Amino acid sequence: MEFEHRSNFPQDLEYPPVDFRSNLNDEQFAAVTAGDQPALVLAGAGTGKTRTLTYRVAYLLERGVHPGNILLLTFTNKAAREMLARVEDLTGVPRRAFWGGTFHSIGQRMLRMHGEPLGIEPNYTIMDQSDAESLLADVIKELDPQFLKDKNNPKTKVIANLISLARNTCQSLDDVVMGFYPYFREHINDFARFSQTYSERKKRQQVADFDDLLVFWLEILQTQEEVARYYQERFQHILVDEYQDTNLIQAQIIDLIGARDQIMAVGDDAQSIYSWRGANYENILHFPDKHRNTNIFRIETNYRSTPEILRFANGVIRQFHPGQGFFKTLRPSRGHSQPPLLIRVMNGREEAAAVISRITGLLDEGRSLKDITVLYRAHYQALDMQMELTRQNIPFQITSGVQFFEQAHIKDLVAQVKFAYNPRDSRAFHRFACLLPKIGSVTAERIFQAALAEADKSGEHVARTLISRPALAKVPKAARKHWESLTATLEGIVEAAGDRSPSEVVSLAAVGWYSDFIQTLYPNYRQRMDDLQSLVGFAGRFSDLQELLGQIVLMNSETSQTSVYPEEDKLRLTTVHQAKGLEFPVVFLLAASDGLFPLARAMENDGLDEERRLFYVAVTRAMDELYMTSPHLIQFGMNTKILQPSRFIQALDPTLYEMARFHRKPSW
DNA sequence: CTTGATACCGTTTTT
DNA sequence: CGGTATCAAG
């Protein structure tokens, strides 16, 4: 049995010799050269985890393993790209030769190749979170028009969350409701109905949400024995990065594909920060139980941070209950420097002033902006910072807010391509159809249904039957002119989708109806046209349209920002979650006050330990200098709250950090 | 049915 | 201060 091969890679290759011994420390070397037993690599923050994985791949290649027989699973696209780029540097083997990516992106590929027995056509499209939520909202309104109007009932978002959590933790809806939302127990039957109809709608429209990519991947492996066997044999080595952040589905996928125990799992239980997405750090704790003869490798020498920062981080780790998890200490390897500094400030504005004041000092000392990163627990905590940076003309790059692929004009354009690719994706159709005058969701649906009926009759693509008599009859007069131009563009896209490259297809969409349309709609249409052009450029990296569409949906800001626009010398602002796996010479951690970090909301459901892990992740990003700012007052709606420094800091031995107060009055 | 205006709600983290 | 749910007019 043979499935798609990603490239024709020559079988017998000579790799440039890699000196493993002198490029790795003993701990790393042991893991890199591990035998074929299942392996669990416990690598603390900054200990060279990526380096170890990279060299492991190189080692396998040198031992004669074909790149196509290695599966590399990571948590973010960025991590996958970075690792394979480093492998390429090291060995010269191009990254396309490997199967590597996030669980979701590999799942997307699996579904396309093997989804048909589950009712998923190869041309299915992926919905992002907001698409998925609005589809669910439609379903709820349809099944029970009154449900969402009652303010005591849970909102769509909550229900979506609940359904998603149940799927990701392999629990029944009932169990999740009773476990996490017992006060909604009376709605259990409603939830079940909503969930079931939601699934049916997805199938009918040939769309998948994020969870489907994992759930169906697992189902494929469980139900199609020959497919499972193929991958079990094909992947002689499975490397899993950030194993502590896998959920039960992902763990099962790995167990199934890795049925021959050809698994190397890498992670750090102290850095598990995705439990709200179903991640279960017990996966990493139980790995040795599930896989007999697991070799455990510990990598504890830290190359990233100064001893002062590490002592601080170790102090945070020591706050965990003894015996909980694997790790105890990170051993420093660098020379001494200044201890972390806690700066107490009055409020958010003073916080911004304090940080900028210090940044100015750092620039005078010869640092450049790109060495400095500002971290925070939640996006909104960076608001004052953004305003003040803008005011003072300090260039910064923020990986949040409206992200490149989430801008309205990008989504509008992508929707056109999506619809051309999967004409049953009615949400994609609605997205652009509703832009036309006098067309709202009701009219759009009528046009769509009419066109769909025509298409079923004639066997033509829905894009062509949009101008059939029955469909045209539903188009309001005011929209007729736009309609002609729109449908002409769509037809062009459909045609091109057959045999042209993705970038040609996207380009067609970008110069068609939509380019005329945005001129009349947006004052800054030049900027938007530029964005559309960079989207065309981005599409140029893909040879397959579905791969492109999938990646666009699966990509977060981090990757899009850095991939669409070149890197510049700018200050970085990012959440701690997004900073995971990265390191920066200078780190500022905002809002290090109790109630902000740990975030009060997050502690409602036993979240304190995870907040502490997140705090640990935050402080271990810093290489040379770590600053934390703790506002004393916070505006909470109408009233003001008084806050103390984070309990994670207060619990520490005071000799582990220094404290300062910011005096200078803000300049405004 | 669409569109525009007004009231009000709420503000974690992401594939 | 923001965005969105809801309502009334065209």
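Each chain gets a letter, A, B and so on, in the order the sequences are listed, and its residues count up from 1. What you are looking at is a predicted structure, and each value in this text was computed from that prediction instead of being measured.
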(request) Please identify each residue that fulfils side chain to side chain donor-acceptor pair (under 3.5 Å) with A:Glu351, with sequence neighbours left out. (result) A:Thr629
(request) Report yes if a side-chain nitrogen or oxygen of A:Gln578 is closer than 4.0 Å to either non-bridging phosphate oxygen (OP1 or OP2) of B:dT13; otherwise report no. (result) no
(message) Can you tell me if A:Arg601 touches the phosphate of B:dT11, counting only side-chain N or O atoms and a distance under 4.0 Å to OP1 or OP2?
(response) yes
(message) In whole Å, I'd like the distance from the CG atom of A:Asp245 to the C1' atom of B:dT13.
(response) 11 Å
(message) Both A:Ile439 and A:His577 contact DNA chain B. Taking the nearest nucleotide for each, which residue is further toward the 5' end?
(response) A:Ile439
(request) Provide, to the nearest angstrom, the distance between the CD1 atom belonging to A:Ile552 and the P atom belonging to B:dT14. (result) 20 Å
(request) Can you tell me the distance, in whole Å, between the OH atom of A:Tyr376 and the P atom of B:dT11? (result) 19 Å
(request) Please report, rounded to the nearest Å, how far the P atom of B:dT14 is from the CG atom of A:Asn168. (result) 16 Å
(message) With side chain to side chain donor-acceptor pair (under 3.5 Å) as the rule and sequence neighbours excluded, what pairs involving residues 474-485 of chain A come up?
(response) A:His482-A:Trp513
(message) The criterion is salt bridge (charged side-chain N to carboxylate O under 4.0 Å, His left out); which residues satisfy it with A:Arg167, sequence neighbours excluded?
(response) A:Asp209, A:Asp212
(request) May I ask you to verify if any side-chain N or O of A:His379 is less than 4.0 angstrom from the OP1 or OP2 atom of B:dT11? (result) no
(request) Give the rounded distance in Å between these two atoms: CG of A:Leu213 and C1' of B:dT14. (result) 14 Å
(request) Let me know the distance between CG of A:Leu599 and C1' of B:dG10, rounded to the nearest Å. (result) 14 Å
(request) Would you write the dot-bracket representation of DNA chain C, where each base gets (, ), [, ], | or . depending on whether it forms a Watson-Crick or G-U pair under 3.5 Å and with which partner? (result) .|||||||||
(request) Could you list the residues that satisfy salt bridge (charged side-chain N to carboxylate O under 4.0 Å, His left out) with A:Arg431, not counting sequence neighbours? (result) A:Asp412
(request) Determine whether the aromatic ring centres of A:His577 and A:Trp276 lie less than 6.0 Å apart. (result) yes
(request) Considering only atom C1', compute the distance from C:dT4 to B:dT13 and round it to an integer number of Å. (result) 22 Å
(request) Answer with base, sugar-phosphate or nothing: what part of the nucleic acid does A:Pro476 contact at a heavy-atom distance below 4.0 Å? (result) nothing
(request) Go through the side-chain N and O atoms of A:Gln449 and A:Glu445 and say whether any donor and acceptor fall under 3.5 Å apart. (result) yes
(message) Under 4.0 Å from OP1 or OP2 of B:dT12: is there any side-chain N or O of A:Thr575 that close?
(response) no
(request) For nucleotides 2-10 of chain C, just jot down a letter per nucleotide in 5' to 3' order: B, S or -, based on protein non-hydrogen atoms under 4.0 Å. (result) ---------
(message) What's A:Phe103 touching, base or sugar-phosphate or nothing? Going by heavy atoms closer than 4.0 Å.
(response) nothing
(message) Using the salt bridge (charged side-chain N to carboxylate O under 4.0 Å, His left out) criterion, which residues pair with A:Asp425? Sequence neighbours excluded.
(response) none
(request) Could you tell me whether the side-chain ring of A:Tyr274 sits stacked on the base of B:dT13, using a centroid cut-off under 5.5 Å and a plane angle under 30°? (result) no
(request) Would you indicate, yes or no, if B:dC1 has its OP1 or OP2 atom less than 4.0 angstrom from a side-chain nitrogen or oxygen of A:Arg446? (result) yes
(message) Quick check on B:dG10: is either OP1 or OP2 less than 4.0 Å from any side-chain nitrogen or oxygen of A:Lys155?
(response) yes
(request) Determine the contact category for A:Gln129: base if any of its heavy atoms lies under 4.0 Å from a base atom, sugar-phosphate if only primed atoms, P, OP1 or OP2 are that close, otherwise nothing. (result) base
(request) Using the test ring-ring contact (aromatic ring centres under 6.0 Å, His included), find all partners of A:Tyr243 that sit at least two apart in sequence or belong to another chain. (result) A:Phe287
(request) Output all residues satisfying side chain to side chain donor-acceptor pair (under 3.5 Å) with A:Gln244, sequence neighbours left out; order by chain, then residue number. (result) A:Glu242
(message) Determine whether the aromatic ring centres of residues A:Phe147 and A:Phe194 are separated by less than 6.0 angstrom.
(response) yes
